[in-house]
Amino acid sequence: MDNQQVSAALAEVGTLMELLGENPFKVNAYVNASRTISQLTDEISSHVNKGTLGEIAGIGATLQEKITSLVKTGKLEFLEELRAKVPPGLVKMLAIQGLGPKKVKALYDLLQIDSLEKLKIACNENKVADLKGFGAKTQQKILEGIEFLGSVAGRVRLDEASSVANTLLNLLKDMKEVIRIELCGSLRRRKETVKDIDVLVSSKNPAPIMEKFVTASGVIQVLGHGETKSSIFVEALVNGSRIKMQADLRVVKDEEFPFALAYFTGSKEHNVAMRSRAIEYGLKLNEYGLTGEKKNIACKTEEDIYKALDLPYIAPELREDTGEINAALKGTLPTLVESKQIQGVFHNHTTYSDGANTLEEMANKAKSLGLKYLGFGDHSQSLTVANGLSPERVKKQIAEIDELNSKMKGFRIFKGIECDILADGSLDYDDEVLALFDYVVGSVHTHFQMPREEMTQRIIKAMNHPAITMLGHLTGRLVLRRDGYAVNQEAVLQEAVKTKTLIEINAHPMRLDLDWIHCKRAKELGVKLVINPDAHSTEDLEYYEYGVSVARRGWLEKDEIFNTLTTNEVEAYLSDRRKAFTKKK
DNA sequence: GCCGTTTTCGGCCCGACTGTTTTCAGTCG
Ligand SMILES: Nc1nc2c(ncn2[C@H]2C[C@H](O)[C@@H](COP(=O)(O)OP(=O)(O)OP(=O)(O)O)O2)c(=O)[nH]1
Ligand SMILES: [Mg+2]
Ligand SMILES: [Mg+2]
Ligand SMILES: [Zn+2]
């Protein structure tokens, strides 16, 4: 079993134990281990083999045993026993808004309800309202919740969620009652997918803000409407598709804003760690302040809060409880790469293949974004569905780039190609054609169904071709749409070190590939990365910002990102590599 | 189930909103 499978199994253990009414702290041990393993940079199997499982925080003797069983046999007897005790319908019932493990257990214990169908019937027969702790309103809400299940949205891509969030932000930000307003939660931490929109406002007069929020256009349902907190379910149109999301609004006093900002930014696990640290200091940390027995510790910024607990500021992207607090203590937090340090981007498409804009339009847009250089990467000849370039058209494009380069002042265009890595790991052009480019991005676009080991060898073979400069979208995954092909990312990253292949952080919000966890792994291994927007239009060029977010979540610094180099440095680097390639032939 | 400059038992983050209650449990953030 791999990390994600082990993580899923432990999460299921947690859910089933909860439904059996187990001790919540015990349940939390499983849930916590599940999360830790899902965010591990290295492979859980390597910990099993090396006997280092116990070194992972939150994994003790019992969990070591269970994880070892999962990794070695793919099975866990304890989980099988739990599954035998808890009907699967109970887990489905948990998805109903407002129904948690206690209520589901009560419904099962008292009315033998073990499916959505039976639950609906019981509600309609008015049996649920009579149970202790239930009532007419709860019964009605359950019925509505069952109907709502079909339209319940899962997670949403960061770019789409940002778009919905900005609509809400614009709705509120100019109200006279609003002093400060900020997007928080996973949006602020720049997670690749977002479950809901978390908005924080400071004000002396919350009521009108709450009112405006719950009556906003597109609100499908008001989930809660209180003095300091409201929740809604909204529908919005983003790029022609309907997006349904929850949104939460917290309103606090302005002097509480930094504490509320820290709280509402999360993550939950980071909050728990920070609050536990406050306890060690004899203090209490919540969304309103940092308080002791008699004293209140005034903080004007988040930085002040960290400082009060003897920690340096921790950037939102790092607040995932993946070691940031320990690193902060040791003074080994990274100085994260910033958007303004990106000098240019590679891997962009034009009308030569499947892009919407010309070379010149793309170059002008890049220049207007403040970039100093732009690299192209249209598709290669065998990718006919995307209008891949024949060697003749390659030469034509190169001539056009030469002309643009002589015309544009203070801006440099690099000649590149997104060259298909064919099924056998060979490249899609002869070496004579490959020698025409300043750089080559190697990407897999076909034959996704290969066995994992074959795919890994295919990519590794391509990385060993001296013409390859960088590897495009390593796994081919599409966020929330398609899993990547089976590939040993660890092996590819290790090979990248050996072959000095740059690994792309594909910044297209549909891809974000490498993901942030493997960025962290790449950092540990000493891999160099390059942030590319994979732009198919001028607007897409701005996607590199999403790649910067991934890099920051992966703890990456300026020096670890190739395209923070200046034009001259890039020029020198690429020309050296090209010389090595052409000399070899 | 995990963990330890309050160490091997007794804690484990803390609060808002709702609906059921008459003082609070459950769910969610
Ligand atoms: N202290 C504390 N804070 C929490 C807890 N649950 C949530 N929070 C805070 C931190 C979260 O980032 C923030 C928003 O909660 P969300 O459930 O919306 O999670 P978040 O935005 O992190 O991720 P998501 O919405 O799932 O993409 O509220 C909790 O149990 N304790
Ligand atoms: Mg959220
Ligand atoms: Mg939320
Ligand atoms: Zn591609």
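Just so we're on the same page: letters track the sequence lines, and every chain starts at 1.
- Annotation: of the two residues near DNA chain B, A:Lys103 and A:Lys137, the 5′-most nearest-nucleotide partner is A:Lys137.
- Closest to the side chain of A:Val272, out of B:dC13, B:dG1, B:dC17, is B:dC13.
- Residue A:Ala136 is classed as a sugar-phosphate contact, given heavy-atom separations below 4.0 Å to backbone atoms only.
- Comparing B:dT18 with B:dT23, their P atoms are spaced 22 Å from each other, to the whole Å.
- A:Ala273 comes within contact range of no nucleotide atom at all, as no heavy-atom separation falls under 4.0 Å.
- Pair assignment for B:dT8: none, as no Watson-Crick or G-U wobble contacts are both less than 3.5 Å.
- With respect to A:Val251, the side-chain contact (heavy atoms from CB on, under 4.5 Å) criterion is satisfied by exactly one of A:Leu200, A:Val201, A:Val199: A:Val201.
- Comparing the C1' positions of B:dG10 and B:dA16 gives an interatomic distance of 28 Å, to the nearest angstrom.
- Rounded to whole Å, the P atom of B:dT27 lies 13 Å from the corresponding atom of B:dT20.
- B:dC28 sits 14 Å from B:dC13 when the C1' atoms are compared, rounded to a whole Å.
- Atom C1' of B:dT8 sits at a distance of 9 Å from the matching atom of B:dC3, rounded to the whole Å.
- Residue A:Glu287 is classed as a sugar-phosphate contact, given heavy-atom separations below 4.0 Å to backbone atoms only.
- With DNA chain B read from its 5' end, the first of the two nearest nucleotides for A:Ile279 and A:Gly100 is the one closest to A:Ile279.
- Proximity of A:Thr138 to the phosphate of B:dT20: a side-chain N or O atom is located under 4.0 Å from OP1 or OP2.
- For A:Thr62, a side-chain nitrogen or oxygen approaches OP1 or OP2 of B:dC2 to under 4.0 Å.
- Using modelled atom types and a 3.5 Å distance limit, the side chains of A:Ser549 and A:Arg190 yield a donor-acceptor pair.
- Of the side-chain N and O atoms in A:Lys26, one or more sit less than 4.0 angstrom from OP1 or OP2 of B:dG1.
- At a threshold of 4.0 angstrom between heavy atoms, the contacts of A:Asn23 include nucleobase atoms, whether or not backbone atoms are also involved.
- With A:Thr68 as the partner, the side-chain contact (heavy atoms from CB on, under 4.5 Å) test is satisfied by one option alone out of A:Lys66, A:Glu65, A:Lys72: A:Lys72.
- Within the nucleic acid shown, A:Tyr263 comes within 4.0 Å of at least one base atom, counting heavy atoms only.
- Using modelled atom types, one side-chain atom of A:Thr73 and one backbone atom of A:Ser69 make a donor-acceptor pair closer than 3.5 Å.
- Of the side-chain N and O atoms in A:Asn271, none sit less than 4.0 angstrom from OP1 or OP2 of B:dC13.
- Contact annotation: A:Gln246 side-chain N/O to B:dG29 OP1/OP2 distance is under 4.0 Å.
- Between A:Lys118 and A:Glu125 no salt bridge is recorded (no basic side-chain N to carboxylate O distance below 4.0 Å).
- Listed pair A:Lys284 / B:dG15 meets the phosphate criterion, a side-chain N or O lying under 4.0 Å from OP1 or OP2.
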Residues 172-180 of chain A side chain polar contacts: donor-acceptor under 3.5 Å, at least two apart:
residue  : atom : partner  : partner atom : Å
A:Lys173 : NZ   : A:Asn170 : OD1          : 3.2
A:Arg180 : NE   : A:Asp254 : OD1          : 3.0
A:Arg180 : NH2  : A:Asp254 : O            : 3.2
A:Arg180 : NH2  : A:Asp254 : OD2          : 3.3

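- Counting any heavy atom pair closer than 4.0 Å across all strands shown, A:Pro24 reaches no nucleic acid atom.
- At the heavy-atom level, A:Ala57 lies under 4.0 Å from the strands shown only through sugar-phosphate atoms.
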